[in-house]
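Computed from a prediction, not measured in an experiment: that's the story for all the values here. Lettering follows sequence order; numbering is per chain, from 1.
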Number of protein chains: 2
Amino acid sequence: MDDRIRAHAETLVDWSARIDAGDEVVMRVAEGAHDLAVAVAAELGARGATLLATYGSDEVQRAYLRAHDGEFAPAEAERALYDRADVFLSLGGGRNTTATADVPGDVRSAYARSRADAREARMATDWVSTVHPTRSLAQAAGMSYEAYADFVYDAVLRDWASLADEMAALKDVLDDGREVRLLGEGTDLTLSIEDRVAVNSAASVAYDSHNLPSGEVFTAPATAEGEVTFDVPITVQGRRLRDAHLVFEDGAVVDFSAAAGEGALADLLATDDGAKRLGELGVGMNRGITRPTDNVLFDEKMAGTVHLALGRAYEACLPAGESGTESAIHTDLITRMDEGSRLVVDDAVIQRDGLFRWEDGFDA
Amino acid sequence: MDDRIRAHAETLVDWSARIDAGDEVVMRVAEGAHDLAVAVAAELGARGATLLATYGSDEVQRAYLRAHDGEFAPAEAERALYDRADVFLSLGGGRNTTATADVPGDVRSAYARSRADAREARMATDWVSTVHPTRSLAQAAGMSYEAYADFVYDAVLRDWASLADEMAALKDVLDDGREVRLLGEGTDLTLSIEDRVAVNSAASVAYDSHNLPSGEVFTAPATAEGEVTFDVPITVQGRRLRDAHLVFEDGAVVDFSAAAGEGALADLLATDDGAKRLGELGVGMNRGITRPTDNVLFDEKMAGTVHLALGRAYEACLPAGESGTESAIHTDLITRMDEGSRLVVDDAVIQRDGLFRWEDGFDA
């Protein structure tokens with residue numbers, strides 16, 4: 001076994017999920033994640049946790065959903081399982097990223113609704129979602145399998161304690177700040193963040209962070225004014241979106257364009273009122289992620305990028321009594337903070353040309 | 001997909017597990033059983049059952065058990081799952097029948113003990129165990145994969161309703177009978193079965209039968225007198241046993257020999273007092289099973305064979321207030337009832353030269 005698979009498992013169990021003896025663990029294994037599952041099982045055994053492995057097969061789900069009439073009963077046995085479980089580990093990594101492409105959307109939605117209770121019970125555990133490199137994910141990223149595996153392990157096998165400290169510093173700046181300004185080519189956007197609370201997403205339940213890899217600090221802007229260009233391409237509901245450009249007035253999008261996928265962007269913005277507003281400002285700080293791979297869980301963590309989400313804000317960022325953007329969507333759009341860019345908080349330059357002031361020393 | 005996989009899934013869901021809308025189903029998927037899992041998921045979706053798939057991976061289990069110190073906590077989350085589930089479907093079919101060969105026996109036993117409650121809850125569902133043909137199982141059977149798949153589907157895709165009727169006739173004979181005599185080359189054994197209850201194992205929970213394929217009628221003999229030769233080779237605790245010969249007096253083995261594996265047979269008989277006595281007399285009636293494949297779940301169902309189990313008797317065969325053989329083991333030994341053999345119940349010949357009287361007409 002590749003030593004990196006063992007290291008991944010150890011990071012997941014120790015740093016991310018903080019598993020102790022006696023913890024009841026449910027581990028969902030995607031079709032292509034067998035090798036990681038074996039490595040995680042060894043870590044769980046060594047720590048004296050209990051283990052039930054579930055099979056997260058896209059093809060099994062597709063067959064089930066396509067055959068079903070859409071009147072789903074609640075999944076009470078599954079809910080009972082998660083009610084008793086302490087930890088849920090999702091090991092992603094399928095064999096075909098489009099395996100469920102021919103499941104009708106209304107069936108998919110009805111199924112998700114029927115499982116709301118089970119999902120809630122699952123999210124109440126110390127859950128962590130990670131991904132094992134597979135050929136299918138390499139293909140989605142436009143990469144060879146070997147290069148993609150290198151990419152994933154560079155992103156996962158970080159010095160997380162040290163990164164958590166660095167992110168804590170940025171969290172402090174954002175927590176204390178009133179206003180953020182983003183400057184760059186095609187970007188001059190001002191966001192109010194007064195009283196909002198930043199999350200130090202350090203890939204560990206100890207930081208209320210549930211993805212491995214992670215590596216971002218995010219908060220929920222209250223207003224937005226100005227324009228922004230997103231030069232990292234993403235896929236939105238199956239359609240490729242390039243160089244999206246948004247103009248905000250009074251917190252809402254009033255004009256938009258895109259070099260590709262403008263129709264997809266228009267559909268996205270038309271979802272509901274909240275879809276025209278921002279739910280998140282996130283700063284990518286994972287230096288192991290050096291290129292986009294058409295997988296938002298990695299792309300948004302890329303060091304030297306900032307992302308803004310259209311739609312729903314996360315509770316964790318809102319002070320008591322304040323409500324953030326509400327929407328059926330939460331779609332991250334990403335911009336590179338490279339040469340010529342600035343991230344400014346209350347007139348202090350925090351990041352310049354993609355480097356933070358504590359890296360570059362420009363504040364010294 | 002091979003049409004036979006679909007037919008297997010349909011047989012499992014309809015004939016064996018009798019699944020209805022709203023049933024909560026847990027489906028355990030072995031490493032090599034993916035294709036059957038997809039087919040079963042479609043059947044479950046079509047019937048409006050709920051589905052949670054678990055991953056029955058030998059390699060995951062091996063890694064977990066080898067890393068564990070052996071002090072296992074009870075699996076309460078898993079128990080909660082089975083407490084709420086209506087049906088448990090086990091889809092066997094691994095990639096290596098010896099995948100857990102290097103797990104120490106004491107760890108294996110301690111693990112099994114820690115899961116007694118979870119197992120009990122699982123056995124309280126309408127559970128059915130079946131097997132998907134894999135290369136590993138083909139290899140264990142000494143067969144090519146194609147030939148092995150043909151073999152499995154011949155065994156599974158029977159006219160079960162018709163076989164259940166035929167087996168019901170034999171069950172009546174055994175229920176009414178006082179004494180069974182087995183005659184053949186190296187075999188002249190008399191068994192008392194008075195008041196014992198035969199089980200019509202027709203591969204369906206409706207018949208209290210939990211294996212697909214099945215196809216046997218079995219009861220629990222109270223005493224045994226005489227000798228018997230088992231000419232179907234089996235593997236006992238990793239050792240090959242051929243032409244085992246047992247001599248019974250007053251229900252217990254008083255002498256034994258074997259052409260191969262006599263040491264294994266000696267160890268088996270020495271397990272405990274019950275290991276020298278019989279727990280089961282079974283009559284194989286599945287005509288799709290035409291050869292042994294070193295897999296007792298198939299071998300013991302082979303038409304034209306009879307098997308006797310050393311050790312524990314099944315509750316279902318015992319009238320209220322009567323206890324059968326108790327033992328830590330239940331090991332089936334199989335003999336062919338071919339040319340020259342007789343199965344006699346209370347002086348009536350039931351089977352002659354491997355054919356029942358209703359097949360051969362010798363009673364007409």
Side-chain angles (χ1 to χ4, degrees), chain A residues 1 9 21-29 31 33-35 37-57 59-86 95 107 114-115 118 125, chain B residues 1 9 21-29 31 33-35 37-57 59-86 95 107 114-115 118 125:
Chain A
M1 182 183 287
D23 279 350
E24 295 233 19
V25 179
V26 177
M27 173 175 76
R28 180 168 65 192
V29 184
E31 284 170 33
H34 175 80
D35 289 354
V38 170
V40 173
E43 299 296 328
L44 295 176
R47 276 152 196 78
T50 71
L51 168 60
L52 175 70
T54 66
Y55 189 42
S57 162
E59 290 184 354
V60 166
Q61 185 165 62
R62 170 191 177 273
Y64 177 76
L65 292 177
R66 279 177 59 95
H68 206 287
D69 66 7
E71 302 280 331
F72 295 95
E76 292 183 5
E78 191 172 349
R79 184 197 172 163
L81 171 68
Y82 294 127
D83 274 342
R84 288 304 297 264
D86 300 303
R95 297 189 293 189
V107 173
S114 75
R115 291 159 53 84
T125 68
Chain B
M1 183 182 287
D23 280 349
E24 295 231 21
V25 179
V26 177
M27 171 175 78
R28 181 169 64 193
V29 185
E31 284 169 32
H34 175 80
D35 289 354
V38 170
V40 173
E43 298 297 327
L44 295 176
R47 277 151 195 81
T50 70
L51 168 60
L52 176 70
T54 66
Y55 188 43
S57 162
E59 291 184 355
V60 166
Q61 186 165 63
R62 170 191 177 272
Y64 177 76
L65 292 178
R66 280 178 58 95
H68 206 288
D69 66 7
E71 301 281 329
F72 295 95
E76 293 183 4
E78 191 171 348
R79 185 198 171 163
L81 171 68
Y82 293 126
D83 274 342
R84 288 304 298 264
D86 301 303
R95 297 187 292 188
V107 173
S114 74
R115 291 158 54 82
T125 67

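Comparing Arg115(B), Arg66(B), Glu59(B), Met27(B) by heavy-atom pairs within less than 4.5 Å of chain A, the highest count is held by Glu59(B). When each of Arg62(A), Arg79(A), Glu78(A) is checked for heavy-atom pairs under 4.5 Å with chain B, Glu78(A) comes out on top. Ranked by heavy-atom pairs under 4.5 Å with chain A, the list Gly48(B), Gly70(B), Ala46(B) is led by Ala46(B). Note on Asp86(A), Val29(A), Asp83(A): by heavy-atom pairs under 4.5 Å with chain B, the leading option is Val29(A). Chain B forms more heavy-atom pairs under 4.5 Å with one residue of Asp69(A), Val60(A), Thr50(A) than with any other, namely Val60(A).
In this structure Tyr55(B) satisfies the ring pair (Phe, Tyr, Trp, His ring centres under 6.0 Å) test together with His34(A), Tyr55(A), sequence neighbours excluded.
Between Arg84(B) and Ala80(A), the closest heavy-atom pair is CG-CB, 3.6 Å. Nearest heavy-atom pair across Ala75(B) and Ala118(B) is O-CB, 4.1 Å.
Heavy atoms closer than 4.5 Å to chain A are found in the side chain of Glu24(B), but not in its backbone. Only the side chain of Glu31(A) comes within contact range of chain B, with heavy atoms under 4.5 Å apart.
You'll find the side chain of Tyr64(B) stays beyond 4.5 Å of the side chain of Val107(B), heavy atoms only.
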Donor-acceptor contacts, no H, no angles, side chain residues 37-44 of chain B, under 3.5 Å, sequence neighbours left out:
{"residue": "Glu43(B)", "atom": "OE1", "partner": "Arg47(B)", "partner atom": "NH1", "Å": "2.9"}
{"residue": "Glu43(B)", "atom": "OE1", "partner": "Arg47(B)", "partner atom": "NH2", "Å": "3.2"}

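Asp23(B) places no side-chain N or O within 3.5 Å of a backbone atom of Val25(B) that could act as its donor or acceptor partner.
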